[in-house]
Novice: 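This is the structure, below, for whatever I ask next.
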Amino acid sequence: MNPSAQIKAKLLGDRRIMVRALADSFAKLNPRTMVKNPVMFVVEVGAVLTTLELVRDTFDHTGMFGFGLQITLWLWFTVLFANFAEAMAEGRGKAQADTLRKARAETRARRLHVDASIEEVACSKLRSGDVVVVTAGEFIPCDGEVVEGVASVDESAITGESAPVIRESGGDRSAVTGGTRVLSDEIKVRITSNPGETFLDRMIKLVEGTSRQKTPNEIALNVLLAGLTIIFLLAVLTLQPYAIYSGAQQSIFVLASLLVCLIPTTIGGLLSAIGIAGMDRMIQRNVIAMSGRAVEASGDVDVLLLDKTGTITLGNRQATLFLPCPNVSETDLANAAQLASLADETPEGRSIVVLAKEKYGLRGRDFGDRHPVFIPFSAQTRMSGVDLGGRQIRKGAPEAIMKHVAERGNQVPSETQQCITDISNGGGTPLLVSESGRVLGVVALTDIVKGGMRERFDHLRAMGIRTMMITGDNPLTAAAIARQAGVDDFLAEAKPEDEMALIKREQAKGKLVAMTGDGTNDAPALAQADVGVAMNTGTQAAKEAGNMVDLDSNPTKLIEIVEIGKQLLITRGALTTFSVANDVAKYFAIIPAMFAGAFPQLNVLNVMRLATPQSAILSAVIFNALIIIALIPLALRGVKYRPVGAAALLRRNLLVYGLGGVVAPFIGIKLIDLLITYLHVV
Amino acid sequence: MIVPIMAMAGNLASKVVPASAGTFPVTGEMFTTLLVSTILIVGALTFFPALSLGPILEHLLMAAGKAFLRVL
């Protein structure tokens, strides 16, 4: 399904969300809720005033009832539409929270006491520091760390990923999440969070939006919109004395219409929906942002710190080349290397077998009665291999093999030594292969840069974002891979302290830094970075230090996160521009209509040739209300984002949302005017 | 109204933002157009209602031969 079809399905298909949002939009009419959004609050006050005026009108019979009723209704619709936009944005989160709540269902836990006795308690009685025993088929009661044992765990309740994951004590795979289910074996878990503070609880609060706070950017924009509202309030209030002086006193209906059309209701009504939808888009990509602030910061990021392994390159090095010594054929070398690797279960070893098979068609051996003896790798010899009918085949690190052959009175040819140096300089790892004390050649293991990374980095560069590769490799290797992947810079032989210092240095220059990490040693840097994305497979410490958690544990996702953040900021800017630009047309509709009765000459300003003063004002109000509904899909989906520089992006968006914002309402108001004149509603 | 705007401007000015390809460009004709049209639109929006009853109307009346002359 393409994204727009998905949005449609999301908008139209899920009727439960729609119905709930409809009910919510009425509940949100409560003035105490509305006052948080100054622009829409003013509209609500205007609607209340016209309603009161309408009641008065029924007794006074001023002949304005039909017009007044329609204006009043459309003003209420304006408020309801804005509420509906917000409720729709929250709707998906609420539906998701309900699913998550099911995972939190009250279960019993078996608490382990110091004296090794086991007591069954309710989950809500567990406290941080308790140790519980969880066996296959049981739910893990609370967030914690595995202190003993290894088990496969079904985390689909949290991640949506049905394949089970392995959780074991010690290392970076020890964190378990409450609400997930142990599928096999038994583990002892030390609880690390109290009930109500678990990851699941926080996630529910986040997706539901109950803990949502306005972000700095949102507050600034709200202040600006409130300022504009005050200016227009003054403009409208001072207009009445002028009008009275000119003998063209205006009714409450007209003044309220003018005010509501002028204040930036489009962006005011959609502002919170845009923010919520940004968080929601993260959740759809399985990223849990701990705050809207983090989502926003990700849009302003200047520097991306990316780990080499797993992010830029595939997790393991792979054999890519066989370089035989003089007088040795490539096939012989490949054959020997494959034999030596047959029992080698490491990814590197397997890649040698595969390469030999693919390049030289070497496969499926029948050793017959030759009784191969496989020599496993040991830390002392730093070699592995096989003894086969008198042939001693070995492969290993160059130093180890050199020592091995030297003991048998042989030497490594200078050509091969050159090969070893070249491979190292090129960022690869050389492995020497020998047979019965004679060197056959070198196998080059290289980091495989993931496909499409260079293009992604080019996109990022166009957006003004610098990418830095962090690696434990030596500077030479690091430089080679950095060049191959197309990153801007690299930090070689990086220790956690170096990474921390780098982040602080960039931040001191006023830059925003984003990074990913999963280990406990990443935690300080994750906390220091402006956007710290922790992997869900990572340790509890890392997850707590970061301000986002990627449930898929895919480090490349940082790039998508930045794009979502940028999209959020751009959507907000585009709709603000659109909203203010809209005002021009509304003026040309309302002002001539207000005074055309007293001064027919002002009709030259009626450039749209709207039928009557009343139809003109009503059309403007209707357009103003409908445009909110029309823009809900855009607010929820976000403005289409292109990875180009700010200048090009700005030019495009100014054309679409600025110029478009000036032109669109002229057409829209005219069409509505034609329709309501045709229907004779006023 | 000028005071809160100046406060916001001061706050923004104190923030150091290094320039890159992702920075909002503040030179060139595009920014000029953007700035000028923003000033004009927001300014016009503020004063247009009052102007339309004052100078604009007077001009239109005068064109129609109905100037507000003080009769001596």
Side-chain angles (χ1 to χ4, degrees), chain A residues 220 223-224 226-228 230-232 234-236 238-239 242-243 245-246 248 258 262 300-302 460-466 506 509-512 566 577 580-581 583-584 586-588 590-592 594-595 598-605 644-651 654 658-659 662, chain B residues 1-70:
Chain A
V223 170
L224 181 75
L228 279 175
I230 293 170
I231 291 177
F232 289 131
L234 289 174
V236 172
T238 50
L239 186 62
Y242 277 98
Y245 173 77
S246 307
L258 178 64
L262 290 188
D300 278 331
V301 156
D302 302 287
L460 288 170
R461 200 168 304 115
M463 282 152 54
I465 297 171
R466 237 156 47 88
E506 293 291 341
K509 283 190 264 175
K511 301 202 168 168
L512 294 188
K566 283 227 181 281
T577 315
V580 175
D583 280 6
V584 178
K586 293 179 199 157
Y587 260 132
F588 281 101
I590 297 183
I591 297 286
M594 288 172 91
F595 304 117
F599 306 103
Q601 291 83 354
L602 272 178
N603 238 328
V604 294
L605 293 180
V644 291
L649 207 60
L650 182 65
R651 184 175 305 120
L654 269 182
L659 204 59
V662 174
Chain B
M1 284 315 293
I2 194 79
V3 178
I5 301 290
M6 292 302 278
M8 266 170 76
N11 182 21
L12 287 177
S14 65
K15 286 183 187 150
V16 191
V17 179
S20 72
T23 327
F24 194 84
V26 288
T27 50
E29 56 195 74
M30 190 174 58
F31 183 72
T32 315
T33 321
L34 176 65
L35 183 64
V36 170
S37 39
T38 307
I39 292 172
L40 285 183
I41 289 180
V42 176
L45 290 178
T46 315
F47 297 108
F48 190 72
L51 289 178
S52 67
L53 272 182
I56 296 177
L57 180 61
E58 281 187 8
H59 170 81
L60 291 170
L61 286 175
M62 189 184 72
K66 278 206 272 176
F68 288 94
L69 292 176
R70 199 148 59 103

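Reckoned from all heavy atoms, side chains included, excluding hydrogens, waters and symmetry mates.
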Novice: Enter the distance from B/Leu57:CG to A/Ile591:CD1 here, rounded to the nearest 0.5 Å.
Specialist: 12.0 Å
Novice: Let me know if A/Val604 has heavy atoms under 4.5 Å from chain B in its side chain, its backbone, both or neither.
Specialist: side chain
Novice: Hey, what do you get for CZ (A/Arg651) to CD (B/Glu29), rounding to the nearest 0.5 Å?
Specialist: 7.5 Å
Novice: Search all heavy atoms of A/Gln601 against all heavy atoms of B/Leu60 and return the closest pair with its distance.
Specialist: O-CD1, 3.6 Å
Novice: What is the distance from atom CG of B/Leu61 to atom CG of A/Leu602, rounded to the nearest 0.5 Å?
Specialist: 7.5 Å
Novice: Using 0.5 Å steps for rounding, measure from the CG atom of B/Leu53 to the OH atom of A/Tyr242.
Specialist: 8.5 Å
Novice: Any idea which heavy atoms bring A/Val584 and B/Leu45 closest together, and the distance?
Specialist: N-CD2, 4.2 Å
Novice: Answer with side chain, backbone, both or neither: which region of A/Leu605 has an atom nearer than 4.5 Å to a non-hydrogen atom of chain B?
Specialist: side chain
Novice: Among residues 35-43 of chain B, which residues come closer than 4.5 Å to chain A, judged by heavy atom distances?
Specialist: B/Ile41, B/Val42
Novice: I'd like to know which of A/Val236, A/Val662, A/Leu654 tops the heavy-atom pair count under 4.5 Å against chain B.
Specialist: A/Leu654
Novice: Against chain B, label A/Thr238 side chain, backbone, both or neither, depending on which of its atoms sit under 4.5 Å from a heavy atom there.
Specialist: neither
Novice: Heavy atoms, side chains only, cut-off 4.5 Å: are B/Phe48 and A/Asp583 in contact?
Specialist: no
Novice: Counting only heavy atoms closer than 4.5 Å, note whether A/Ala243 contacts chain B via side chain, backbone, both or neither.
Specialist: both
